[in-house]
**Q** 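Handing you this structure, nothing more for now.
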Amino acid sequence: MRTPIIAGNWKLNNTISEAVSLTTALKPLVAGCRDVEIIVAPPFTALASVSSTIAGSNIRLAAQDVYSEDSGAFTGEVSVPMLKDVGCGYVIIGHSERRQYFGETNESVNQKVKAVLGHGLKPIICVGEQLEDRESGQTEAVIESHVTGGIAGLSATDLASSVIAYEPIWAIGTGKTATPEQAQEVHAFIRGLLAAAHSAEVASQIRIQYGGSVKPENASALMAQPDVDGALVGGASLEAESFAQIVKFDQ
Ligand code: PEP
């Protein structure tokens, strides 16, 4: 079955020394967790130091974004080969903050997803509706465009090694979590879209994370839903103890 996947998105937080302290504190707290994939996504500047800190542990490394070209005249960008070189196994792509503040589109998400998969890394493809979308009955239409746009042209094998993160924008950093039932409803809808894009068998292998104010107190109820396979955690991942408690949602 699908191995649960809990990822901490640190966003624009933590200097190198703070990042090393956080991961040094996290390592022993989650050392015994074997049946869950644990990921941290520091800012670019801390990737190398965190990579050394987690070497040999059960914590894996993700980047928060990437550019779709491998090299060239693209000032300020970071490529997939560079992320692979520093030890990243995953890349978060299309986070709502990238879509909202930095002009990310379904097309650019799709290009980045293909670049990441082309180098053997795994994309965590973020999708999610705004509050107005939900209130005007547009949730499914928005999710469908994010999912189908993000995975366009992927082979079944590539799709099966991708992760989708459903993050309702109204729940990110607001303290308002989707209820487990609201999350399940959208996760089941996403799995249906994945089945329609390829097959029910491929769709059944893809992990779908929930993100949006996940905390130790609500993680187990969310994870108990049949189509919720993990969490993408912002604020609560900045503290080792609270992130470890989310990783141990079933203990
Ligand atoms: C996120 O940024 O992906 C996120 C879910 O943030 P938070 O947990 O703080 O709502």
Side-chain angles (χ1 to χ4, degrees), residues 2-12 36-44 47 50-51 54 59-68 78-80 83-84 86-100 102 104-106 108-128 143 146-152 154 157-169 171-173 183 186-187 190-191 193-194 197 202-203 205-212 214 219 222-223 227-237 243 246-247:
R2 301 183 291 267
T3 304
I5 177 167
I6 311 288
N9 172 17
W10 296 358
K11 309 192 185 187
L12 184 55
V36 53
E37 221 166 323
I38 308 164
I39 298 172
V40 292
F44 288 130
L47 284 172
V50 170
S51 186
I54 60 179
I59 303 173
R60 302 283 166 261
L61 193 64
Q64 298 175 19
D65 188 27
V66 70
Y67 191 55
S68 48
V78 171
S79 71
V80 185
L83 296 180
K84 190 171 182 173
V86 79
C88 288
Y90 292 84
V91 186
I92 298 170
I93 300 179
H95 190 280
S96 61
E97 288 149 17
R98 304 279 339 151
R99 294 181 192 258
Q100 192 177 351
F102 302 101
E104 194 83 85
T105 62
N106 289 337
S108 61
V109 167
N110 184 243
Q111 285 168 357
K112 292 177 179 190
V113 167
K114 287 175 173 159
V116 164
L117 287 162
H119 288 281
L121 279 70
K122 295 181 178 174
I124 297 177
I125 307 166
C126 300
V127 305
I143 298 299
H146 286 178
V147 171
T148 55
I151 66 166
L154 297 195
T157 313
D158 277 348
L159 189 57
S161 57
S162 303
V163 176
I164 307 284
Y166 167 56
E167 300 204 298
I169 296 169
I172 297 180
V186 180
H187 282 228
I190 293 171
R191 207 173 299 286
L193 293 171
L194 300 171
V202 171
Q205 297 167 45
I206 299 167
R207 272 112 32 108
I208 307 176
Q209 297 176 305
Y210 168 78
V214 175
L222 287 159
M223 292 295 294
D227 287 295
V228 177
D229 309 311
L232 183 54
V233 186
S237 71
F243 187 59
I246 295 169
V247 168

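For the numbers below, each heavy atom of this structure counts, side chains included, while hydrogens, waters and symmetry mates do not. What you see is a predicted model, and the numbers here were worked out from it, not measured in a lab.
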**Q** Do you know which of Arg2, Gln209, Arg207 makes side chain to side chain donor-acceptor pair (under 3.5 Å) with Asp229?
**A** Arg2
**Q** Provide the closest heavy-atom pair for Ser237 versus Gly8 in the form atom of the first, atom of the second, distance.
**A**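 Closest approach of Ser237 to Gly8, heavy atoms only: CB-CA, 3.4 Å.
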**Q** In sequence, state the C-alpha distance, the side-chain angles, and the governing distance for Ile38 and Ile6, and then conclude on side-chain contact (heavy atoms from CB on, under 4.5 Å).
**A** CA-CA 5 Å; Ile38 308 164; Ile6 311 288; 5.7 Å; no
**Q** Below 4.5 Å, heavy atoms only, C-beta onward: do Ser162 and Ile151 meet side chain to side chain?
**A**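 Not in contact.
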**Q** Would a 4.5 Å heavy-atom cut-off, applied to side chains only, mark Ile124 and Asn9 as touching?
**A**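 In short, these two side chains do not touch, never coming nearer than 4.5 Å.
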**Q** With His146, which residues qualify under ring pair (Phe, Tyr, Trp, His ring centres under 6.0 Å), at least two apart?
**A** none
**Q** Could you pull out the closest heavy-atom pair between Gly128 and Ile169, with the gap in Å?
**A** O-CD1, 3.8 Å
**Q** So, for Arg191 and Ile206, which heavy atoms are closest and what is the spacing to 0.1 Å?
**A** NH1-O, 2.7 Å
**Q** For Gln64, does its backbone N or O pair with a side-chain atom of Lys11 as donor and acceptor, under 3.5 Å?
**A** no
**Q** Is the ring pair His187/Tyr210 parallel, tilted or perpendicular, if the boundaries are 30 and 60 degrees?
**A**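 Answer is tilted, since the angle falls between 30° and 60°.
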**Q** Please step through side-chain contact (heavy atoms from CB on, under 4.5 Å) for the pair Lys112 and Val91, ending with a clear verdict.
**A** CA-CA 9 Å; Lys112 292 177 179 190; Val91 186; over 6 Å; no
**Q** Under a 4.5 Å cut-off applied to non-hydrogen side-chain atoms, are His119 and Leu83 in contact?
**A**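 His119 does not reach Leu83 side chain to side chain.
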**Q** Side chains of Ser96 and Gln100: is there a donor and an acceptor less than 3.5 Å apart?
**A**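 No pair is found: no donor N or O on one side chain lies under 3.5 Å from an acceptor on the other.
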**Q** For residues Asp65 and Phe44, report the shortest heavy-atom separation together with the two atoms involved.
**A**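 Reported closest heavy-atom pair: O-CZ, 3.3 Å.
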**Q** Between Asn106 and Arg99, what is the shortest heavy-atom contact and its length?
**A** OD1-NH1, 2.9 Å
**Q** Which heavy atom of Val228 sits nearest a heavy atom of Ala183, and at what distance?
**A** CG2-CB, 4.4 Å
